[in-house]
Amino acid sequence: MTRPLLAVPNVSEGQDQELIDAVAQAFDARLLDVHSDPDHHRSVYTIAGRPGELAPAVLAGAREASRRIDVAEHQGAHPRVGAVDVAPIVYLDERDRGAACAEALVLADMLGVELELPVLLYGELAGGRSRAGLRAGGLGALASRIENGELRPDFGPSRLHATAGAVLVASRPPLVAFNVELAPPATLEDARAIAAVIREGGSGGLESVRAIGVWLAERGRAQVSTNVENHLKTPLRNRRLLEDALAART
């Protein structure tokens, strides 16, 4: 029996509840969860479906989001390059890796052809290319890199959509989004310094950890926002480096 896959599209809207709900409704009955954050100005939707079902479901929600969101006007703490910023297909079992890769490529083609969105692959479908590398410098930098030939969309037009930007698509196993709010008087600079230490490639970096420092205006606090892309290699119980980083800033 074919096992279901997950999709976790991240949409660049976390404040307008009516818009968030409209996108959720467009994703259909396959929607399992919505998590919205007004400071990040981002909503994360979790959708389940079997191969052949999931890509069309994601496409429907992406159509609604792209129609209603102008990413050029977007202001939020989380980096983004599109109205639907990322749309990974997630496999829960290594045996389903091939099916997830195929579904991700089908989704990328649909987004490019039917919505005329430029799609850039990341992760294992793109030789390990990272989301952070594609987002570096923001929407304007991505447009320039495409225009000068440094980057070329893998699917869809060879230019950014006027209002919806681009979409980053991948196939991957589950990751853990793990955010830590710092107690006052910690600053944004403190959060960024901690993120620089603990992220992979940092001075004391943890394998598979992506981290940024952001300021949460509504809560008046700094946050270290992380994705742990392989919780088996870097379990969340490993607090040593975070504690060391915090101690170094006090």
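From a predicted model like this one, the values you see are computed outputs, not experimental measurements.
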### Task
Can you measure from CD1 (Ile20) to OG (Ser43) and round to the nearest 0.5 angstrom?
3.5 Å
### Message
Test your reading of the model: is there a side-chain donor-acceptor pair from Asn148 to the backbone of Ser144, 3.5 Å cut-off?
### Response
yes
### Query
Excluding sequence neighbours, so at least two apart, what forms salt bridge (Lys or Arg N to Asp or Glu O under 4.0 Å) with Asp33?
none
#### Entry: Straight-line distance of Leu188 CG to Leu182 CG, nearest 0.5 Å
10.0 Å
### Message
By the side-chain hydrogen bond (donor to acceptor under 3.5 Å, both in side chains) test, which pairs, at least two apart or in different chains, include something from residues 205-218?
### Response
Glu200-Arg210, Glu207-Lys233, Arg210-Glu229
### Task
Salt-bridge test for Arg63 and Glu114: reply yes if a basic N is under 4.0 Å from a carboxylate O, no otherwise.
yes
### Task
Taking only Lys NZ, Arg NE, NH1 and NH2, and the carboxylate oxygens of Asp or Glu, determine whether Glu18 and Arg68 approach each other closer than 4.0 Å.
yes
#### Entry: Qualifying ring pair (Phe, Tyr, Trp, His ring centres under 6.0 Å) pairs, either residue in residues 98-149, two or more places apart
none
### Query
Among Leu19, Asp16, Thr163, whose side chain to side chain contact (heavy atoms under 4.5 Å, CB included) with Ile69 holds?
Leu19
### Query
Got a second to check how far Leu175's CG is from Asn230's CG, nearest 0.5 Å?
10.0 Å
### Task
Tell me whether Ile212 is reachable from Ile194 by hopping between hydrophobic residues (I, L, V, M, F, W, Y) whose side-chain heavy atoms are closer than 4.5 Å.
no
### Query
Rounded to the nearest 0.5 Å, how far does CG of Asp96 lie from CZ of Arg50?
10.5 Å
### Task
Output all residues satisfying salt bridge (Lys or Arg N to Asp or Glu O under 4.0 Å) with Arg97, sequence neighbours left out; order by chain, then residue number.
Glu94, Glu124
### Task
State the CZ-OG distance between Phe178 and Ser225, to the nearest 0.5 angstrom.
11.0 Å
### Query
Gln15 side chain to Pro38 main-chain N or O, any donor-acceptor pair under 3.5 Å?
yes
### Message
Any heavy-atom pair between the side chains of Leu168 and Arg135 that's under 4.5 Å?
### Response
yes
#### Entry: Counterpart residues, salt bridge (Lys or Arg N to Asp or Glu O under 4.0 Å), relative to Arg172 (two or more places apart)
none
### Message
Please give me the minimum heavy-atom distance between Gly82 and Ser12, naming the atom from each residue.
### Response
O-OG, 2.7 Å
### Query
Residues in salt bridge (Lys or Arg N to Asp or Glu O under 4.0 Å) with Arg219, at least two apart?
Asp37, Asp39, Glu181
### Message
Ignoring hydrogens, what is the shortest heavy-atom contact between Val8 and Val44? Give both atom names and the distance.
### Response
CG1-CG1, 3.4 Å
### Query
Quick one: does Arg221's side chain get under 4.5 Å of Pro184's, heavy atoms only?
yes
### Query
If only atom types and distance count, is the side chain of His40 paired as donor or acceptor with the main-chain N or O of Arg42 below 3.5 Å?
no
### Query
Would Asn227 and Val176 satisfy side chain to side chain contact (heavy atoms under 4.5 Å, CB included), going step by step from the backbone distance to the final call?
CA-CA 6 Å; Asn227 282 336; Val176 179; over 6 Å; no
### Message
Testing the basics here: between Ile47 and Pro9, what is the closest heavy-atom pair and its distance to 0.1 Å?
### Response
CD1-CG, 3.7 Å
### Cluster link Val119 to Leu142, ILVMFWY, side chain under 4.5 Å
no
#### Entry: Residue pair Asp70 / Ala162: nearest heavy atoms and the distance that separates them
OD1-O, 4.4 Å
### Task
Compute the centroid of each ring, for His74 and then for His41, and state whether the two points are separated by less than 6.0 Å.
yes
### Query
More than 12 foreign heavy atoms under 6.0 Å from NE2 of His78: is that the case here?
yes
### Message
Less than 4.5 Å apart, side chain to side chain, heavy atoms only: is that true for Val169 and Leu111?
### Response
yes
### Message
So which atom in Leu160 and which in Ala166 form the shortest heavy-atom distance, rounded to 0.1 Å?
### Response
CD2-CB, 3.7 Å
### Query
Within the distance-only criterion (no hydrogens, no angle test), does the side chain of Ser66 pair as donor or acceptor with the backbone N or O of Ala164 below 3.5 angstrom?
no
### Task
State, to 0.1 Å, how close Val11 and Ala65 come at their nearest heavy-atom pair, and which atoms those are.
CG1-CB, 4.0 Å
### Task
For the pair Asp85 and Arg131, find out whether any cationic side-chain nitrogen is under 4.0 Å from an anionic carboxylate oxygen.
no
### Under 3.5 Å: donor-acceptor pair, side chain of Asp154, backbone of Leu121
yes
### Task
Check whether the side chains of Asp21 and Gln17 place a donor and an acceptor atom closer than 3.5 Å, and report yes or no.
yes
### Query
Could you state the interatomic distance from OG1 (Thr46) to CZ (Phe27), rounded to the nearest 0.5 Å?
10.0 Å
